[in-house]
Amino acid sequence: PLFLFLPSDRHPLWGSLSFDYYEKHRAYRAVGFLCYLGFIPIGLALLSLWRRQKSALVWGALFLGSLVLALGAQLTWGGELIARPLLPFALLAELPVLSLLRVANRFLVVASLALAVMVGLGWGALRGRSDARWLGLGALILLEFLWLPYPMQKLELSPFYSQIAASERRGAILDIPFTANGRTVLNMLAQTVHERNIAGGYLATLPPSSLAAIERDPMLSQLAGLDPKFSGGIDRKHLLALGFDTAILHKDRRRSEWAALRASVDPTDLLRRKVVNHRKPLSNQKFDAIRAAFEAACGPAVFEDARIIVFTLAGEDRANRKPWASPRPIAAR
């Protein structure tokens, strides 16, 4: 509950006062954790209730109910779990359909929308009396939620992905590592450039048949995951039959490279830290074994830079050694 009234740790004036508490007690270690409601908005919402506007009462009830649900099944204060009392959110786990709402703080979205309407009602009532007071409160709201510098993250990809997009070949890309969750979501970022089908990916609810297909396949089952059950050997013809014609090994996800990158990240840079932490690595031993197996099955890599190693699976391309001719310019696409 304290986080509802604790200003952002990114505020340029007083963020340093709340940073340590956020670092120590935040439950979700990402920039999306912030749930600060703001004192000026709360004051305007109370003003709308004080004026006894009927619509304000309805929105106030929705705000209060959603806020109580957003607190979860049990209260935590100062990092300590308060075992009793159980809050209403605990009852949702027993109800059909509503039990799907696994994360309590999603109710903050509803609470924030209801609060916004109440703020608008209070704002309108106040503006009729004094434009100066109205403008002053508007400035205070901007100051209260100020976040400077605003976090921006530049996600750099290998330029080779553009060559893949310009190629006439349309086979799927086999990324190593790949998972069926958010741990290799950057493979999907690369997909927005090369525009090919890929193995793995991230959906809120993944069809069981997709997972079963990976688990049953003799080759994909050995390459999937962050700790693959790789036992040696790449069946190139089998991968081609599945529709893959290119394999991309992500060098920056070897444990040694990942650990060095993680150590270089500023601990106060939450956005960058989240991106790096989501690049969960393969062990150096597993990565090197998979690379050696692709070299034995496909020949030398057709491209390598600081981020990726690219192997072509198609036999004719390996023989010609010109696998990435670009018959049409990217600008023409």
Side-chain angles (χ1 to χ4, degrees), residues 157-180 183-184 186-201 210 213-258 279-328 330:
L157 294 173
S158 171
F160 193 74
Y161 289 120
S162 296
Q163 295 187 45
I164 297 177
S167 171
E168 291 183 337
R169 293 164 52 185
R170 293 288 93 191
I173 303 293
L174 177 62
D175 292 287
I176 304 295
F178 77 90
T179 64
R183 292 305 183 187
T184 53
L186 290 180
N187 296 347
M188 298 174 71
L189 172 66
Q191 188 183 32
T192 66
V193 178
H194 64 62
E195 300 181 344
R196 303 283 197 88
N197 292 336
I198 61 173
S210 300
I214 293 174
E215 293 172 357
R216 288 195 302 263
D217 188 85
M219 196 74 261
L220 294 182
S221 62
Q222 291 192 55
L223 296 172
L226 297 173
D227 185 22
K229 305 172 183 178
F230 186 68
S231 58
I234 295 294
D235 189 339
R236 184 179 64 83
K237 292 183 179 180
H238 178 74
L239 292 175
L240 281 169
L242 291 176
F244 297 100
D245 69 7
T246 304
I248 298 180
L249 278 61
H250 296 268
K251 290 171 64 176
D252 55 356
R253 297 181 208 166
R254 288 177 82 246
R255 179 166 294 279
S256 54
E257 282 82 353
W258 176 83
R279 294 184 192 177
K280 293 300 183 182
L282 287 176
S283 69
N284 288 14
Q285 183 179 6
K286 280 281 178 72
F287 186 95
D288 294 342
I290 292 174
R291 175 177 184 169
F294 271 105
E295 288 176 340
C298 306
V302 296
F303 177 84
E304 180 174 353
D305 63 12
R307 298 187 184 92
I308 61 174
I309 309 168
V310 182
F311 293 93
T312 181
L313 303 174
E316 64 274 13
D317 286 337
R318 295 188 305 119
N320 296 332
R321 304 307 299 159
K322 293 182 180 179
W324 295 111
S326 300
R328 54 195 174 114
I330 297 175

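Across Gly233 and Ala293, no two heavy atoms sit closer than the pair N-CB, 4.0 Å. What you find for Glu215 and Ser221 is that their closest heavy atoms are O-CB, 3.5 Å. The heavy-atom pair separating Tyr161 from His194 by the smallest distance is CD2-CD2, 3.6 Å. A pairwise comparison of heavy atoms in Cys298 and Leu313 identifies SG-CD2, 3.4 Å as the closest pair. Heavy-atom minimum distance, Arg253 versus Pro177: NH1-O, 3.7 Å.
Taking OG1 from Thr179 and CG from Leu226, the interatomic distance works out to 6.0 Å, rounded to the nearest 0.5 Å. Expressed to the nearest 0.5 Å, how far CG of Asn197 lies from CD of Gln191 amounts to 7.0 Å.
Aromatic ring orientation, Phe311 versus Phe294: parallel (interplanar angle below 30°, classes split at 30° and 60°).
Residues Ile176 and Leu282 meet the side-chain proximity criterion, which asks for heavy atoms closer than 4.5 Å. Here the side chains of Ile234 and Leu223 are in contact, with some heavy-atom distance below 4.5 Å. Between Ile164 and Ile173, some side-chain heavy-atom pair lies under the 4.5 Å cut-off. Proximity of Asp245 to Arg196: side-chain heavy atoms (C-beta onward) are separated by under 4.5 Å at one or more points.
Asp288 pairs by the side-chain contact (heavy atoms from CB on, under 4.5 Å) definition with Arg254, Asn284, not counting sequence neighbours. With sequence neighbours left out, Leu220 forms a side-chain contact (heavy atoms from CB on, under 4.5 Å) with Leu174, Phe178, Ile214, Asp217, Leu239, Leu242, Phe244. The ring-ring contact (aromatic ring centres under 6.0 Å, His included) search around Phe230 returns none, not counting sequence neighbours. Residues meeting the side chain to side chain donor-acceptor pair (under 3.5 Å) test with Thr192, sequence neighbours left out: none. For Asp235, there are no side chain to side chain donor-acceptor pair (under 3.5 Å) partners, not counting sequence neighbours. Partners of Ala296 by side-chain contact (heavy atoms from CB on, under 4.5 Å), not counting sequence neighbours: none found.
Residue pairs that meet the salt bridge (Lys or Arg N to Asp or Glu O under 4.0 Å) test with at least one member in residues 223-232, sequence neighbours left out, are Asp227-Lys286. Pairs engaging residues 293-309 under the salt bridge (Lys or Arg N to Asp or Glu O under 4.0 Å) rule: Glu156-Arg307, Lys251-Glu304, Arg291-Glu295, Arg291-Glu304 [sequence neighbours left out].
The one candidate from Ile248, Thr246, Leu186 that meets the side chain to side chain contact (heavy atoms under 4.5 Å, CB included) condition with Asp175 is Ile248.
In the model, Arg169 has a side-chain atom that pairs as donor or acceptor with a side-chain atom of Thr312 under 3.5 Å.
In this structure a side-chain-to-backbone donor-acceptor pair under 3.5 Å is present from Gln222 to Pro218.
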